[in-house]
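Step one of this worksheet: look at the structure below.
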Number of protein chains: 2
Amino acid sequence: MKPSVVTFEPNGNFCKDCSIRGSSVCSALDAAELRQLEHLGRRVQFSTCETVFSEEDITTSYFNVLDGVMRLYKLLPDGRRQIVGFALPGDFLGMNISGRHNFSADAIGSVAVCQFAKVPFGRFIEDRPHLLRRINELAIRELTQAREHMVLLGRRSAEEKVATFLLSWRERLVPLNGPSNTVPLPMSRQDIADYLGLTIETVSRTFTKLERDGVIEIIHGGISLLDPARAEALAAA
Amino acid sequence: MKPSVVTFEPNGNFCKDCSIRGSSVCSALDAAELRQLEHLGRRVQFSTCETVFSEEDITTSYFNVLDGVMRLYKLLPDGRRQIVGFALPGDFLGMNISGRHNFSADAIGSVAVCQFAKVPFGRFIEDRPHLLRRINELAIRELTQAREHMVLLGRRSAEEKVATFLLSWRERLVPLNGPSNTVPLPMSRQDIADYLGLTIETVSRTFTKLERDGVIEIIHGGISLLDPARAEALAAA
DNA sequence: GCCCAAACTTGATCTGGGTCAAGTGGCTTT
DNA sequence: AAAGCCACTTGACCCAGATCAAGTTTGGGC
């Protein structure tokens with residue numbers, strides 16, 4: 001919430017050693033280009049609940065998530081919130097047409113990002129079609145996820161929503177942590193509710209029910225998936 | 001539903017005379033490129049309820065909508081349907097990462113598309129970054145719409161959903177028909193329901209209620225927006 | 001260790017929108 | 001012009017999930 005941004009040495013970090021080197025937009029670049037990119041990005045740290053950018057803010061930067069988890073959300077005038085996604089390391093944020101961010105983003109736990117000023121980064125893309133192609137690829141991937149999520153929001157029951165969420169969240173963590181039935185959930189129950197179009201009570205009850213049914217075990221800071229096959233069946237897809 | 005595709009002379013139509021020339025991907029191309037593009041695309045006509053492509057089909061073509069309206073949807077195994085969008089003239093369909101379509105598309109009424117075989121079109125994009133930039137722009141625009149729709153599906157009431165839909169559909173038609181309070185609705189009530197995450201009965205009842213309240217008038221094949229300001233207020237945005 | 005606040009769970013009740021079941025009316029067909 | 005069909009509407013009833021209201025657990029500060 002508060003804007004106490006801690007900035008590190010602009011060039012204290014090197015792209016070639018970057019943890020997300022292979023999965024982010026940067027994977028499209030060769031060693032020489034990476035060295036140029038180093039001068040465009042600066043590493044910025046955000047702590048729990050700090051806002052990285054807000055909906056309707058004029059876009060002045062793009063962000064590459066390096067570490068941590070962010071919630072991306074839109075608010076209705078009366079305060080209802082829809083989380084449109086969670087951003088993980090490797091995700092690239094800030095692309096838009098209008099020149100304004102079309103959702104807000106804040107840190108869940110502590111987050112590190114690589115921040116690129118819009119104008120110089122835009123110029124950098126200009127004559128690097130391979131980078132543009134990579135950005136386009138990420139946009140299309142997100143669009144695919146967004147459509148999948150529309151199905152969930154519009155047509156699935158509470159239990160299906162929760163089961164689907166747990167499975168797809170586990171899946172998203174595979175590139176980061178490797179495959180595991182222990183699924184950390186850094187976001188709050190309220191966040192999960194706002195992502196799934198439910199209330200916090202329904203999410204809580206559904207977790208409890210899944211635990212009673214032996215599908216999951218609720219553990220500190222996450223869940224353990226006891227019966228993946230059953231969860232898959234409940235997810236109905 | 002049936003695949004009785006009518007194909008016209010491949011070169012019987014000319015890009016430079018194309019009705020969507022300015023609004024589609026092609027707007028990124030100059031006259032010389034347009035002449036080249038003519039050899040890649042062929043005009044294909046679909047009639048009511050014909051399927052243009054299905055989810056999970058291997059993508060062999062991209063499509064540029066020339067005329068008519070299409071419904072884009074995903075199905076759950078048990079038949080529940082979520083319409084993820086309606087495509088209008090100028091929309092470009094078929095981009096994906098997996099090599100398979102991630103939704104199905106069929107014609108609402110009669111539809112004309114410009115079909116491009118994937119491989120040659122992919123090669124055509126290859127060395128035309130300006131075209132890639134245009135495609136990226138369209139993808140980002142769609143992503144923005146998708147997120148807006150998630151808010152609708154997850155957090156809005158039936159009445160808000162219907163009011164929002166009518167207003168945004170009217171807005172989408174402006175580039176085609178000019179601004180008007182007479183809003184044609186070529187899609188069925190069932191389509192609207194599946195787009196808004198409601199049942200057909202709820203859509204029907206909500207239309208009736210909006211009419212009773214003097215916000216709209218239900219006319220043949222659409223509605224007339226009597227009180228745009230009130231509709232805007234009901235849309236809660 | 002104790003207190004407090006925040007996050008989460010649980011229970012009781014309510015309700016918006018779903019489900020089920022008839023209508024109704026406008027095209028098409030013959 | 002009668003029949004039939006299909007899209008849509010309307011009514012009666014129901015239920016999944018929301019709302020309201022306590023608990024309970026967890027963690028952090030002192």
Side-chain angles (χ1 to χ4, degrees), chain A residues 1 47-49 71 76 78-83 108-110 152-166 184-213 216-223 234 236, chain B residues 1 47-49 69 71 76 78-83 108-109 152-166 184-213 216-223 234 236:
Chain A
M1 289 295 178
S47 49
T48 302
C49 287
R71 75 173 79 83
L76 290 177
D78 63 2
R80 280 175 289 177
R81 184 178 71 159
Q82 177 66 45
I83 291 185
I108 294 175
S110 114
L152 177 143
L153 290 171
R155 287 297 178 228
R156 291 174 122 98
S157 70
E159 192 173 48
E160 289 169 349
K161 284 176 175 182
V162 170
T164 304
F165 166 68
L166 293 175
L185 297 173
M187 70 291 286
S188 69
R189 293 285 189 273
Q190 186 62 63
D191 287 339
I192 297 174
D194 288 348
Y195 183 56
L196 300 179
L198 298 170
T199 59
I200 185 175
E201 293 94 333
T202 298
V203 170
S204 185
R205 273 187 257 271
T206 307
F207 270 65
T208 305
K209 177 169 188 304
L210 290 177
E211 184 167 52
R212 251 201 326 270
D213 296 352
I216 64 170
E217 191 192 347
I218 299 169
I219 58 179
H220 181 80
I223 60 110
L234 289 174
Chain B
M1 288 294 179
S47 50
T48 302
C49 285
V69 183
R71 73 174 79 81
L76 290 177
D78 63 2
R80 279 174 290 177
R81 184 177 71 156
Q82 176 66 45
I83 292 185
I108 295 174
L152 177 143
L153 290 170
R155 287 296 179 228
R156 291 173 123 98
S157 70
E159 191 172 51
E160 288 170 350
K161 284 176 175 182
V162 171
T164 304
F165 166 68
L166 292 175
L185 297 173
M187 69 292 285
S188 69
R189 293 287 190 271
Q190 186 63 63
D191 288 339
I192 297 175
D194 287 348
Y195 182 56
L196 301 180
L198 298 170
T199 59
I200 185 173
E201 294 94 332
T202 299
V203 171
S204 185
R205 273 187 257 271
T206 307
F207 270 65
T208 305
K209 176 168 188 305
L210 290 177
E211 185 167 49
R212 249 199 329 269
D213 295 352
I216 64 170
E217 190 192 347
I218 300 170
I219 59 179
H220 180 79
I223 60 112
L234 289 174

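Just so we're on the same page: letters track the sequence lines, and every chain starts at 1. Here the structure is a predicted model, which means the values were calculated and not measured.
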Quiz item: T202(A) and T206(A): which non-hydrogen atoms are nearest, and at how many Å?
Solution: O-OG1, 2.6 Å
Quiz item: Does the distance from a Lys or Arg side-chain N to an Asp or Glu carboxylate O, for D194(A) and R189(A), drop under 4.0 Å?
Solution: no
Exercise. Please name all residues satisfying side-chain hydrogen bond (donor to acceptor under 3.5 Å, both in side chains) with R205(A), sequence neighbours left out, ordered by chain then number.
Key: none
Practice problem: Specify the closest pair of heavy atoms between G197(A) and L153(A), including all atoms of both residues, with the distance to one decimal. | Solution: N-CD2, 3.8 Å
Quiz item: How would you give the extent of chain A contacts on DNA chain C, as first and last nucleotide 5' to 3' within a 4.0 Å heavy-atom cut-off?
Solution: dC8(C) to dA12(C)
Quiz prompt | Main-chain N/O of I200(A) paired to S204(A) side chain as donor or acceptor, under 3.5 Å | solution = no
Quiz item: How long is the gap from CG on L166(B) to CD1 on I192(B), to the nearest 0.5 Å?
Solution: 7.0 Å
Self-check item: Heavy-atom pair of closest approach, residues R71(A) and C49(A)
Solution: NH2-SG, 4.3 Å
Quiz item: Can you name the nearest heavy-atom pair linking A158(B) to L198(B), along with the distance?
Solution: CB-CD2, 4.0 Å
Self-check item: Lys/Arg N to Asp/Glu carboxylate O, R155(A) vs D78(B), below 4.0 Å
Solution: no
Exercise. Sugar-phosphate means primed atoms, P, OP1 and OP2; the rest is base. With that split, encode nucleotides 13-30 of chain D 5' to 3' as B, S or - using protein heavy atoms under 4.0 Å.
Key: ----SSBB-----SS---
Quiz prompt | Those residues that, when tested against E159(A), pass salt bridge (Lys or Arg N to Asp or Glu O under 4.0 Å) (two or more places apart) | solution = K209(A)
Quiz item: Contact class for S204(A) (heavy atom, under 4.0 Å): base, sugar-phosphate, or nothing?
Solution: base
Quiz item: Taking DNA chain D as the partner, which of residues 184-193 of chain A come within under 4.0 angstrom of it by heavy atom?
Solution: none
Practice problem: Return the minimal non-hydrogen interatomic distance between I223(B) and F207(B), and the atom names on each side. | Solution: CG2-CE2, 3.6 Å
Quiz prompt | Any donor-acceptor N/O pair, E160(A) side chain to A236(A) backbone, under 3.5 Å | solution = no
Quiz prompt | Estimated bend of the helix from dG1(C)-dC30(D) to dT30(C)-dA1(D) (axis per five terminal pairs, rounded to 10 degrees) | solution = 40°
Exercise. Starting at atom CZ of F207(B), determine the distance to atom C1' of dA7(D), rounded to an integer number of angstrom.
Key: 13 Å
Exercise. Could you pull out the closest heavy-atom pair between D191(A) and I83(A), with the gap in Å?
Key: O-CD1, 3.4 Å
